[in-house]
Amino acid sequence: MPELPEVEFAARALRRWLEGRRVASAQAPPSRIFRGSEREAFLRRLPGTRLTWVERRGKILLLGFTENVGVLSHLGMTGKWIRVPKGAPPPSHVRASLELDDGEKVVYRDPRLFGRLAVHPADALLDLPEVRALGPDPLVDGIDPEALHARLARSGRPVKVAIMDQGVIAGIGNIQATEALFRAGLHPARPASSLTLAEARRLVDAIRASIEDTLVAQGDGDSIVYVEEDRSQDPFRIYGRAGTPCPRCGTPLEKLELGGRTSVFCPRCQPL
DNA sequence: ACGGATGTTCGCGC
DNA sequence: CGCGCGAACATCCG
């Protein structure tokens with residue numbers, strides 16, 4: 001389920017769950033989330049360590065443990081970190097788990113196996129090529145409207161495709177792109193290079209607002225989340241609502257496909 | 001039963 | 001090099 005807000009949510013949860021505890025043991029059946037010998041590294045290196053820090057860059061989670069052990073976690077499409085209290089039944093599709101010294105478990109569930117876990121030296125995590133390749137993170141770095149405008153000016157791609165490029169802005173996926181473009185009043189198929197500086201400013205503000213609203217909707221505790229529990233109360237204004245009335249003007253929302261992803265938009269509020 | 005889904009990567013062709 | 005397209009991955013949900 002992960003775009004930036006959900007990955008941020010996972011980062012905050014992992015801090016709470018792992019802080020101050022020792023990893024007693026690690027388990028992981030062979031699966032695609034590990035490449036090469038990453039699984040063996042995970043099983044060998046994690047036991048005995050303690051979490052020292054958690055960072056997020058875009059959709060990438062970075063966990064620093066003692067003994068300079070670092071874990072990179074990408075949640076793919078269906079990855080999720082879950083706390084399993086002592087004695088509670090584990091969820092299905094668990095691909096990796098850390099048993100803590102108090103008997104609690106923190107597990108990584110990923111039914112579709114699109115996610116990835118990798119082990120690196122903790123002090124090298126932020127310098128990994130895939131992390132360096134990311135554009136600015138809206139929460140960590142903030143988005144500079146003029147820099148975004150300049151970057152978009154170089155691309156003829158649809159603006160929606162451009163802002164989902166992790167090298168342009170880190171962490172924007174189909175939901176946040178759809179929501180932000182609606183808030184900014186920009187048609188998703190507008191050529192990126194056609195945006196004025198004023199429109200880029202509106203887009204930056206809309207991205208921030210959309211992310212903030214999604215974070216708020218997720219709450220702050222271990223409690224759950226509109227997002228998957230109750231579609232009718234999810235925090236999204238137009239995502240997944242093609243055919244229903246635009247919340248601003250009542251015109252039926254339409255959809256089109258861009259870059260292989262469904263894009264919902266209001267033909268009146270987001271004119272081409 | 002069928003179609004679509006919050007992501008990434010790779011190969012192919014223009 | 002930029003860009004678009006389709007496929008692949010494996011499962012769940014309506």
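Since the model is a prediction, treat every value here as computed from it, not as a measurement. Chain A is the first sequence line, chain B the second, and so forth, proteins listed ahead of strands; every chain is numbered from 1. When reading the values below, keep in mind they use all heavy atoms of this one structure, side chains included, and skip hydrogens, waters and symmetry mates.
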Measuring only between side-chain heavy atoms, which start at C-beta, is A:Val94 closer than 4.5 Å to A:Val84?
no

Partners meeting ring pair (Phe, Tyr, Trp, His ring centres under 6.0 Å) with A:Phe42 (sequence neighbours left out):
A:Phe34

Can you list every stem that DNA chain C is part of, counting only runs of 3 or more consecutive Watson-Crick or G-U wobble pairs with both distances under 3.5 Å?
B:2-5 with C:11-14, B:7-14 with C:2-9

A:Arg56: partners by side-chain hydrogen bond (donor to acceptor under 3.5 Å, both in side chains), with sequence neighbours left out
A:Glu8, A:Asp137

In whole Å, measure the gap between the C1' atoms of C:dG4 and B:dT6 for me.
22 Å

Residues from residues 149-164 of chain A sitting under 4.0 Å of DNA chain C, heavy atoms only?
A:Ser155, A:Gly156, A:Arg157, A:Pro158

Among Ile, Leu, Val, Met, Phe, Trp and Tyr joined by side-chain contacts under 4.5 Å, find the other residues sharing a cluster with A:Ile238 and list them by chain and number.
A:Phe182, A:Leu253, A:Val264

Can you list, by residue number, the residues of residues 105-115 of chain A that have a non-hydrogen atom closer than 4.0 angstrom to DNA chain C?
A:Pro111, A:Arg112, A:Leu113, A:Phe114

Can you give each donor-acceptor pair under 3.5 Å made by side-chain atoms of residues 109-116 of chain A, sequence neighbours left out, with the distance rounded to 0.1 Å?
residue: A:Arg109; atom: NE; partner: A:Ser92; partner atom: O; Å: 2.8
residue: A:Arg109; atom: NH2; partner: A:Ser92; partner atom: OG; Å: 3.0
residue: A:Asp110; atom: OD1; partner: A:Thr78; partner atom: OG1; Å: 2.7
residue: A:Asp110; atom: OD1; partner: A:Leu113; partner atom: N; Å: 3.1
residue: A:Asp110; atom: OD2; partner: A:Tyr108; partner atom: OH; Å: 2.7
residue: A:Asp110; atom: OD2; partner: A:Gly115; partner atom: N; Å: 2.9
residue: A:Arg116; atom: NH2; partner: A:Glu130; partner atom: OE1; Å: 2.2

Each residue besides A:Leu72 in its hydrophobic cluster should be listed here, by chain and number; the cluster joins Ile, Leu, Val, Met, Phe, Trp and Tyr at side-chain heavy-atom distances under 4.5 Å.
A:Trp53, A:Ile60, A:Leu62, A:Leu125, A:Leu126, A:Leu128, A:Val131, A:Leu134

Per the side-chain hydrogen bond (donor to acceptor under 3.5 Å, both in side chains) rule, which among A:Glu254, A:Lys160, A:His187, A:Glu257 passes with A:Ser263?
A:Lys160

Below 4.0 Å from chain A heavy atoms, what is the first contacting nucleotide of DNA chain C and what is the last?
C:dC3 to C:dC12

In whole Å, what separates the C1' atom of C:dC9 from that of B:dA1?
22 Å

Under a 4.0 Å heavy-atom cut-off, which of residues 28-42 of chain A touch DNA chain C?
A:Arg32

Strictly below 4.0 Å, heavy-atom distances to any atom of DNA chain C: list the hits from residues 176-197 of chain A, or just say none.
none

Which residues pass the side chain to side chain contact (heavy atoms under 4.5 Å, CB included) test with A:Asp205, not counting sequence neighbours?
A:Arg208

Take atom NZ of A:Lys59 and atom P of B:dT6, then tell me their distance rounded to the nearest Å.
10 Å

